Amino acid sequence: MRLRNIRGSREAIAENEYTVKSPESLKGRWNECFGNDAPLRLEIGCGKGRFIKELAKRERNVNFVGIEKYSSVLIRALEKLDEEDTNLRFIRMDAEVICDCFGENEADRIYLNFSDPWPKEKHAKRRLESRQFLERYRGILKKDGLIEFKTDNTGLFEFALEEAEFMKEYYEMVECTRDLHNDARLMEGNVMTEYEERFSAMGNPICKYILRRL
Ligand code: SAM
C-alpha cells in the first residue's frame, strides 16, 4: 500500500504531536514518552492505522506504537486522533532499524498484519516474518512476549511458519490457524485491519499465528 506523492506528508508528520521524531532517543525509555509503566505493544507496517487505533481505544491501560515506512500512508493514520489517544504514538521508519529504537525486553507484543509479501526469493529477508526480522524482534521482546501475525497470503504464511520453525530455539508457536474467521475462540476480540476487511470480503481465508518468545 503506497499512496504516492501526498504533498507535504513528510512535513505534516514532522509537525504532528502523535509522531515520535527521534525514536532512537527513547530506546529503553518509552515509559517516559507515555508517562507510565504500562506494557508496550508495536504494530509493524501499520498502514493507515485502523487496527492499532482501535486497539488503543479498547485497551487504555496499554501503550501502542505504530510503525510505518511511508509518509504517504502514515499521514492517513494521523487523521481523527483526539486527546483521549494518550496511549498511542506513531513512527515513520523502516522496521529494519527497530533495535536502534527499542531496548531489550521493552516490548510485550508485536503485531504483523498483512505484511508485504516480497515475492522474489532474493527479497525474502525483507519480509517482516523472516528469520532476520524474528532475530530483531527477539532483541526487543520480553520473555513470554508475543508476535501475532495475520495474512490472507498462503505463500507468505507457509514461509512464516518455516521461519518460525527455524527460530524454534527462541520462539514457541502457541496458536496457528489457516481460517481465523471460522475459529470462534481465536476470533474473540479480533480487530479487523483494512486489508483483513477487504480480503475476507473477497472470500479469502485469513491465516494467523501467535509466537511466544521463550
Ligand atoms: N497492516 C495494514 C493492514 O493490515 O491493513 C497494512 C498492510 S500493507 C499491505 C503493509 C504495510 O506495511 C504498508 O503500509 C508498508 O508500507 C508497511 N511496511 C512494509 N515493510 C515495512 C517495514 N520494513 N517497515 C515499516 N513498514 C513497512
Side-chain angles (χ1 to χ4, degrees), residues 1-6 9-10 12-13 18-21 23-24 41-58 64-80 88-102 107 109-120 122-141 146-157 159-160 163 177 180-181 186-187 189-202 204-210:
M1 172 167 47
R2 189 172 177 184
L3 308 178
R4 286 173 203 282
N5 296 333
I6 293 195
S9 54
R10 260 185 194 254
I13 285 169
Y18 293 91
T19 58
V20 175
K21 282 74 184 178
E24 304 82 3
R41 300 190 178 162
L42 317 177
E43 185 188 9
I44 303 180
C46 66
K48 296 179 193 168
R50 171 179 161 170
F51 172 85
I52 198 162
K53 287 187 333 191
E54 175 60 25
L55 271 190
K57 284 201 192 320
R58 288 189 190 184
F64 292 92
V65 176
I67 298 170
E68 169 55 48
K69 189 152 69 166
Y70 294 114
S71 317
S72 51
V73 180
L74 183 58
I75 189 78
R76 306 291 292 277
L78 303 176
E79 293 167 1
K80 295 186 193 146
L88 178 59
R89 291 289 181 278
F90 291 94
I91 312 174
R92 193 203 60 74
M93 71 172 194
D94 189 321
E96 271 185 23
V97 297
I98 199 164
C99 295
D100 296 342
C101 305
F102 296 91
R109 199 168 301 186
I110 294 175
Y111 299 99
L112 307 170
N113 291 316
F114 296 79
S115 311
D116 293 336
W118 291 105
K120 288 186 184 158
K122 66 177 180 184
H123 292 147
K125 64 174 189 250
R126 296 188 192 171
R127 299 174 193 148
L128 295 177
E129 299 72 26
S130 64
R131 62 193 66 180
Q132 290 84 357
F133 270 97
L134 291 178
E135 182 60 28
R136 292 178 183 119
Y137 306 149
R138 190 164 78 86
I140 65 172
L141 263 182
L146 302 177
I147 300 175
E148 299 200 10
F149 168 49
K150 294 195 278 192
T151 184
D152 69 318
N153 185 316
T154 50
L156 179 62
F157 194 64
F159 169 81
E163 295 298 273
T177 175
L180 173 66
H181 289 195
L186 286 180
M187 273 302 276
N190 184 57
V191 174
M192 293 265 257
T193 80
E194 271 125 8
Y195 273 63
E196 183 171 359
E197 185 151 290
R198 189 187 308 170
F199 290 122
S200 58
M202 288 164 59
N204 297 2
I206 306 302
C207 306
K208 177 171 183 172
Y209 79 39
I210 302 180

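Ligands are counted one by one from 1 in listed order, and the atoms in each one are counted from 1 as well. None of the values given here were measured: they were computed from a predicted structure.
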Between F149 and Y209 (judged by ring centroids, cut-off 6.0 Å), do the two rings come close enough to count as a pair?
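Yes, the ring of F149 comes within the 6.0 Å limit of the ring of Y209, centre to centre.
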Which atoms from ligand 1 have a heavy atom of [X] less than 4.0 Å away?
X    : result
F114 : 4 (O), 7 (C), 8 (S), 9 (C), 10 (C)
L128 : 23 (N)
E194 : 5 (O)
T193 : 3 (C), 4 (O), 5 (O)
Y70  : 16 (O)
K69  : 25 (C), 26 (N), 27 (C)
N113 : 1 (N), 2 (C), 4 (O), 7 (C)
A95  : 22 (C), 23 (N), 24 (N), 25 (C)

Ionic contact status for R131 with E163, cut-off 4.0 Å:
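Yes, E163 and R131 are salt-bridged.
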Counting both backbone and side chain atoms, is some N or O of Y195 under 3.5 Å from an N or O of ligand 1?
yes
Would you check if the side chain of S115 reaches a backbone N or O of L112 as a donor-acceptor pair within less than 3.5 Å?
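Side chain of S115 to backbone of L112, a donor-acceptor pair under 3.5 Å: no, none is there.
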Backbone N or O of L74 within a donor-acceptor pair of the K69 side chain at under 3.5 Å?
no
Closest heavy-atom pair and its distance - K208, E148
NZ-OE1, 3.0 Å
Under 4.0 angstrom from ligand 1, any heavy atom of [X]?
X    : result
L112 : no
R198 : no
E43  : yes
E68  : yes

Take the angle between the ring planes of F199 and F114 and call it parallel below 30°, perpendicular above 60°, tilted in between.
parallel
State, without any angle test, whether N113 and E196 hold a side-chain donor-acceptor pair at a distance under 3.5 Å.
no
Give a yes-or-no answer on whether the side chains of N190 and K150 include a donor-acceptor pair shorter than 3.5 Å.
yes
Using a 4.5 Å cut-off on heavy atoms from C-beta on, say whether the side chain of I52 contacts that of F90.
yes
Counting heavy atoms only, name the option from G49, G47, G45 that's nearest to atom 1 (N) of ligand 1.
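Of the listed residues, G45 has the closest heavy atom.
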